[in-house]
Student: 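Sending over a structure as structure tokens; questions will come in a sec.
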Amino acid sequence: MPRRIDVDAYAAGVLEGSRTKLAQAITLVESTNAAHREQAQQLLAKLLPRTGGSHRVGITGVPGVGKSTFIEALGSMLTEAGRKVAVLAVDPSSTRSGGSILGDKTRMGKLASDPSAFVRPSPSAGTLGGVARATRETILLMEAAGYDVVLVETVGVGQSEVTVAGMVDCFLLLSLARTGDQLQGIKKGVLELADVIAINKADGEHEMEAKKAARELRGALRLLTPASPSWTPPVLTCSGLRSLGLDEVWEQIRQHHDALSESGELAAKRSRQQVEWTWSMVREQLMSELVHHPGVRAIVDEVETGVRDGDLTAGMAAGRLLEAFRQQG
Ligand SMILES: Nc1nc2c(ncn2[C@@H]2O[C@H](COP(=O)(O)OP(=O)(O)OP(=O)(O)O)[C@@H](O)[C@H]2O)c(=O)[nH]1
């Protein structure tokens, strides 16, 4: 039986900016236990009027592009300018357990010990849907706790970029100096999600190469239709390691925010995300009920074998499973 939680005390602690209560509240929203889920919803309902006030920024890039270094440098620049910065991660393949925040502490040591920042690793391995739900709810907790910049990092593989793009206001793509044919290496789908693009590691001997790559990428981007009528994604160069160009990257993120706010697109984007989130939770919940339904469990092996052996079409098999689900368990 899970421990009973004092939702009012959690809400008060989060609003006061207590780091301990915030960490406990995040653990609560990450829980998949049914009683915890209900308490988490009560907590979020109480905090809802105090949410929505941050710049929600997604950051992606292939492993090795320098995301940790970049986030640490950008985050520190922002806290020095008086902002409160939260860093979250979406990594459904993560083997980091809830307790091993250490993994990220060492990755972003400076930021993790900054009193104006809060670094939280990805919820430990789970379905992308589950990790996404916890992350969306954590964004709300961070906002209620007064963080006015929320950086959501994705691992840059699989579906996680699309998921993160669906929960932020601005999506930043970090890339490496790639020219000509190598540009093909950037997944077109990811390029289409990006609101701001920065060629990272533009320092030392790589600087000119990065500038050239940025020019080529600008050319390539002209072939894509921008996602917003009021914004054309800029291509910048920066260096997380040497803290070069980070102010310009942030300036573009801010300008994107302003442009979308003024045109009304930001409000529309956030409401659309809310509706999409609602349906994704319905899908998750329905799937979870379906796979645990006793009638479904009783026939699932046989049905799968039937499909594998070619005795059942996929359509017939799906019909059998859904029929079993509709029978009262
Ligand atoms: N020259 C240069 N090297 C950098 C820069 N940023 C990061 N690096 C180096 O690139 C390597 C990867 O950096 P990380 O920040 O750990 O990269 P990451 O993308 O977070 O990597 P994962 O955590 O594995 O996804 C490290 O050896 C860094 O020192 C930069 O701006 N310039």
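Read the numbers this way: they start at 1 and go in the same order the structure lists the ligands and their atoms. Excluded from the calculations below are hydrogen atoms, water molecules and symmetry mates; all remaining heavy atoms, backbone and side chain alike, are included. Bear in mind the structure is a predicted one, so any value in this text is a computation, not a measurement.
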Student: My understanding is that only residues two or more places apart in sequence, or in another chain, count here; which of them pass side-chain contact (heavy atoms from CB on, under 4.5 Å) with D309?
Tutor: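 Testing D309 for side-chain contact (heavy atoms from CB on, under 4.5 Å), a comparison that skips the adjacent residues, returns T305, D311.
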Student: Give the atoms of ligand 1, by number and element, whose distance to some non-hydrogen atom of N200 is under 4.0 Å.
Tutor: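 Counting atoms of ligand 1 from 1, those under 4.0 Å from N200 are 31 (O).
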Student: Is E16 salt-bridged to K21, cutoff N-O under 4.0 Å?
Tutor: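 Answer for the salt bridge query: no.
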Student: Under 4.0 Å from a heavy atom of G240: which atoms of ligand 1 are those, numbered in the order shown and with their elements?
Tutor: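 Answer, ordered by atom number: 31 (O).
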Student: Is a side-chain donor-acceptor pair under 3.5 Å present for S230 with E265?
Tutor: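 Side chains of E265 and S230: pair found under 3.5 Å.
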Student: Give yes or no for whether the N/O distance cutoff of 3.5 Å, strictly under, is met between F70 and ligand 1.
Tutor: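 Among all N and O atoms of F70, none is under 3.5 Å from an N or O of ligand 1.
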Student: If we only count N/O pairs under 3.5 Å, is R242 in contact with ligand 1?
Tutor: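 By distance alone, the answer is no.
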Student: Is E153 close to ligand 1, meaning an N/O of one under 3.5 Å from an N/O of the other?
Tutor: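 By distance alone, the answer is no.
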Student: For atom 6 (N) of ligand 1, which candidate among T69, V62, V65 provides the closest heavy atom?
Tutor: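 Comparing heavy atoms across T69, V62, V65, the nearest one to atom 6 (N) of ligand 1 lies in T69.
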Student: Please list the nearest protein heavy atom to atom 4 (C) of ligand 1 with its residue and the distance rounded to 0.1 Å.
Tutor: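 For atom 4 (C) of ligand 1, the nearest protein heavy atom is K201 CE, 3.6 Å.
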Student: Between D258 and R254, is the closest basic N to carboxylate O distance under 4.0 Å?
Tutor: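 Answer for the salt bridge query: yes.
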Student: Answer yes or no: does an N/O atom from K67 fall short of 3.5 Å to an N/O atom of ligand 1?
Tutor: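 In this structure, K67 places an N or O atom under 3.5 Å from an N or O of ligand 1.
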Student: Could you tell me if D114 and T79 have a donor-acceptor pair between their side chains, going purely by distance under 3.5 Å?
Tutor: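 Yes, side-chain donor-acceptor contact under 3.5 Å.
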Student: One thing to verify: whether R37 and E137 come together as a salt bridge, which I'm taking to mean a side-chain N less than 4.0 angstrom from a carboxylate O.
Tutor: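 Salt bridge flag = yes for R37 with E137.
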Student: Pairing donors with acceptors under 3.5 angstrom, does anything connect the side chains of E323 and Q327?
Tutor: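 No.
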Student: Taking side-chain contact (heavy atoms from CB on, under 4.5 Å) as the definition, give me every residue that meets it alongside E276, ordered by chain and number, with sequence neighbours left out.
Tutor: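 For E276 the side-chain contact (heavy atoms from CB on, under 4.5 Å) partners, ignoring immediate neighbours, are R272.
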Student: For D203, counting its heavy atoms only, list the atoms of ligand 1 lying under 4.0 Å from any of them.
Tutor: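 Near D203, meaning under 4.0 Å from one of its heavy atoms, ligand 1 has 1 (N), 2 (C), 30 (C), 31 (O), 32 (N).
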Student: At a 4.0 Å cut-off, with the gap strictly under it, does some heavy atom of G64 reach an atom of ligand 1?
Tutor: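 Yes, that is the case, since the closest heavy atom of the residue is under 4.0 Å from the ligand.
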Student: Using protein heavy atoms only, decide if any is under 4.0 Å from atom 31 (O) of ligand 1.
Tutor: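 So far as the 4.0 Å threshold goes, atom 31 (O) of ligand 1 is in reach of a protein heavy atom.
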